[in-house]
2 protein chains.
Amino acid sequence: MRELTRAEEQVMQVLWKIKKGFVKDILEHFDDPSPAYNTVSTIVRILQDKGFVTHKAYGRTHEYYPLISKSDYSKSHLKTFVNDYFSNSFEKMVSFFAKEKSISVKEMEEIMKIMENEVKKQKTMR
Amino acid sequence: MRELTRAEEQVMQVLWKIKKGFVKDILEHFDDPSPAYNTVSTIVRILQDKGFVTHKAYGRTHEYYPLISKSDYSKSHLKTFVNDYFSNSFEKMVSFFAKEKSISVKEMEEIMKIMENEVKKQKTMR
DNA sequence: CTTGCTTAACTAATTTTTTCGTTGTATATT
DNA sequence: AATATACAACGAAAAAATTAGTTAAGCAAG
């Protein structure tokens, strides 16, 4: 999957949040020194060319939708990251962050619970 | 922490792998249409300006070292990602990928083991 | 109809990133 | 010493990404 540039990613984050919207709706979700209308308009059209976004036309105005979900994008993004930084091993990544205390005890307990369930589920599915 | 551009990241990945090296050593680790010597030389000097790299001079030739470790960079990188895509919750991220079956049962069992240890350790540390 | 407003499309300008040729210097080789 | 080689530094050129002005078309209000 093609990577989003910084500006493109910002627009996608807004679209993922608001689900769909006109350029002016996207614009509203930028904070403070917000870019010009035309800047957003251009980026959204680039995203469309790249296949990340599509639109529904109402007369001359366009309502934009994400074509790729935030989860799909994050999935591909994290996979690249795990590959580049943890030789493709989720285990290495997660245990690294567990040991680094980036994951709190509470979170770890939650994660373990979920994993137990998943393991059970996937084992009975065979 | 400043973000690495694509080209910069490639050079850093090599430096992290070989620990230290002259431009030509870095160059060797690029595959196929490898960039020109000068391209790598320039990038490594940019990385130096940005504080990611330093060098030891042997006469006129420079041996380059990473100043930032791969783990520190990946830590900051994943934090940004978790923040942008999982509202800053490692738990959300990990359980998402567990449910997505991006993490194998074997890996999950390993992760649970490590977490149990970590939880124990961190609880006794209080 | 005419004026003004809104919007997409186009395009130009600017900035950032990437790439590599050129140059000068040091060192090795003859 | 003269020539060749290797390298860092510089800088220019090219490519990619970002930003926003201009234009033209549609529509609404008077």
Side-chain angles (χ1 to χ4, degrees), chain A residues 1-15 18 20-68 73 76-77 80 84, chain B residues 1-16 18 20-68 73 77 80 84:
Chain A
M1 181 187 307
R2 192 77 176 283
E3 278 222 8
L4 297 168
T5 66
R6 236 186 281 286
E8 287 166 5
E9 190 178 353
Q10 280 176 32
V11 170
M12 284 307 294
Q13 287 284 1
V14 173
L15 268 180
I18 67 180
K20 62 180 178 180
F22 301 91
V23 173
K24 71 166 167 35
D25 301 324
I26 299 171
L27 198 54
E28 270 170 18
H29 285 79
F30 277 87
D31 30 34
D32 221 9
S34 80
Y37 180 97
N38 285 339
T39 303
V40 174
S41 164
T42 301
I43 293 172
V44 104
R45 234 166 320 108
I46 291 170
L47 284 167
Q48 193 170 241
D49 290 346
K50 292 193 179 175
F52 287 103
V53 149
T54 188
H55 75 263
K56 201 166 163 181
Y58 293 96
R60 247 182 74 72
T61 87
H62 295 179
E63 190 174 35
Y64 293 94
Y65 300 84
L67 268 184
I68 180 177
Y73 185 71
S76 126
H77 193 74
T80 307
D84 291 350
Chain B
M1 181 185 310
R2 192 78 177 285
E3 277 222 10
L4 297 168
T5 66
R6 235 187 279 287
E8 286 166 5
E9 190 178 354
Q10 279 176 31
V11 169
M12 285 307 293
Q13 287 285 0
V14 173
L15 267 181
W16 283 325
I18 67 180
K20 62 181 177 179
F22 301 91
V23 173
K24 72 166 166 34
D25 301 324
I26 298 171
L27 198 54
E28 271 170 17
H29 285 79
F30 276 88
D31 31 35
D32 221 9
S34 79
Y37 180 98
N38 284 339
T39 304
V40 174
S41 165
T42 301
I43 292 172
V44 104
R45 234 165 321 109
I46 292 170
L47 284 167
Q48 193 170 242
D49 290 347
K50 291 191 179 174
F52 287 103
V53 150
T54 188
H55 76 263
K56 200 166 162 182
Y58 293 96
R60 247 181 75 72
T61 86
H62 296 179
E63 190 174 34
Y64 292 94
Y65 300 84
L67 268 184
I68 179 175
Y73 186 72
H77 193 75
T80 307
D84 292 349

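Chain identifiers are assigned alphabetically (A, B, ...) following the order of the sequence lines, protein sequences preceding nucleic acid strands; residue numbering begins at 1 within each chain. What you are looking at is a predicted structure, and each value in this text was computed from that prediction instead of being measured.
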Asker: Does any part of the side chain of Arg45(A), heavy atoms only, come nearer than 4.5 Å to the side chain of Gln48(A), both counted from C-beta?
Answerer: yes
Asker: Would you find more than 12 non-hydrogen atoms of other residues, nucleotides or ligands less than 6.0 Å from Lys20(B) atom NZ?
Answerer: no
Asker: Which whole-number value in Å describes the distance from His62(B) NE2 to dT25(C) P?
Answerer: 15 Å
Asker: Does any non-hydrogen side-chain atom of Phe30(A) lie less than 4.5 Å from one of Pro35(A)?
Answerer: yes
Asker: For Leu4(B) and dT18(C), give me the distance from atom CG to atom C1', rounded to whole Å.
Answerer: 15 Å
Asker: In sequence, state the C-alpha distance, the side-chain angles, and the governing distance for Val40(B) and Val23(B), and then conclude on side-chain contact (heavy atoms from CB on, under 4.5 Å).
Answerer: CA-CA 7 Å; Val40(B) 174; Val23(B) 173; 3.9 Å; yes
Asker: Under the side-chain contact (heavy atoms from CB on, under 4.5 Å) criterion, do Met1(B) and His77(B) qualify, and how do the steps go?
Answerer: CA-CA 9 Å; Met1(B) 181 185 310; His77(B) 193 75; over 6 Å; no
Asker: Is any side-chain N or O of Arg45(A) closer than 4.0 Å to OP1 or OP2 of dA8(C)?
Answerer: no
Asker: Using atom NZ of Lys24(A) as one end and atom P of dC5(C) as the other, report the distance to the nearest whole Å.
Answerer: 17 Å
Asker: What is the distance from CD of Glu63(B) to P of dA6(D), rounded to the nearest Å?
Answerer: 18 Å
Asker: When you check every protein heavy atom under 4.0 Å of nucleotides 17-27 of chain D, what one-letter string (B, S, -) results, 5' to 3'?
Answerer: SSBBBB-BBS-
Asker: Starting from C1' on dT6(C), measure out to CG on Leu27(A) and report it in whole angstrom.
Answerer: 13 Å
Asker: Specify whether His55(A) and His62(A) have parallel, tilted or perpendicular ring planes, treating 30° as the upper limit for parallel and 60° as the lower limit for perpendicular.
Answerer: parallel
Asker: Measure from CD on Gln48(A) to C1' on dA9(C) and round the result to the nearest Å.
Answerer: 12 Å
Asker: For Tyr58(B) and dC7(D), is the shortest distance between a side-chain N/O and OP1 or OP2 below 4.0 Å?
Answerer: no
Asker: Is any side-chain nitrogen or oxygen of Tyr37(B) closer than 4.0 Å to OP1 or OP2 of dG21(C)?
Answerer: no
Asker: What is the distance, rounded to the nearest whole Å, between atom CG of Asp25(A) and atom P of dT6(C)?
Answerer: 14 Å
Asker: Round to the nearest Å and state the distance from His55(A) atom NE2 to dA9(C) atom C1'.
Answerer: 12 Å
Asker: May I ask you to test the Tyr37(B)-Leu27(B) pair for a side-chain heavy-atom distance under 4.5 Å?
Answerer: yes
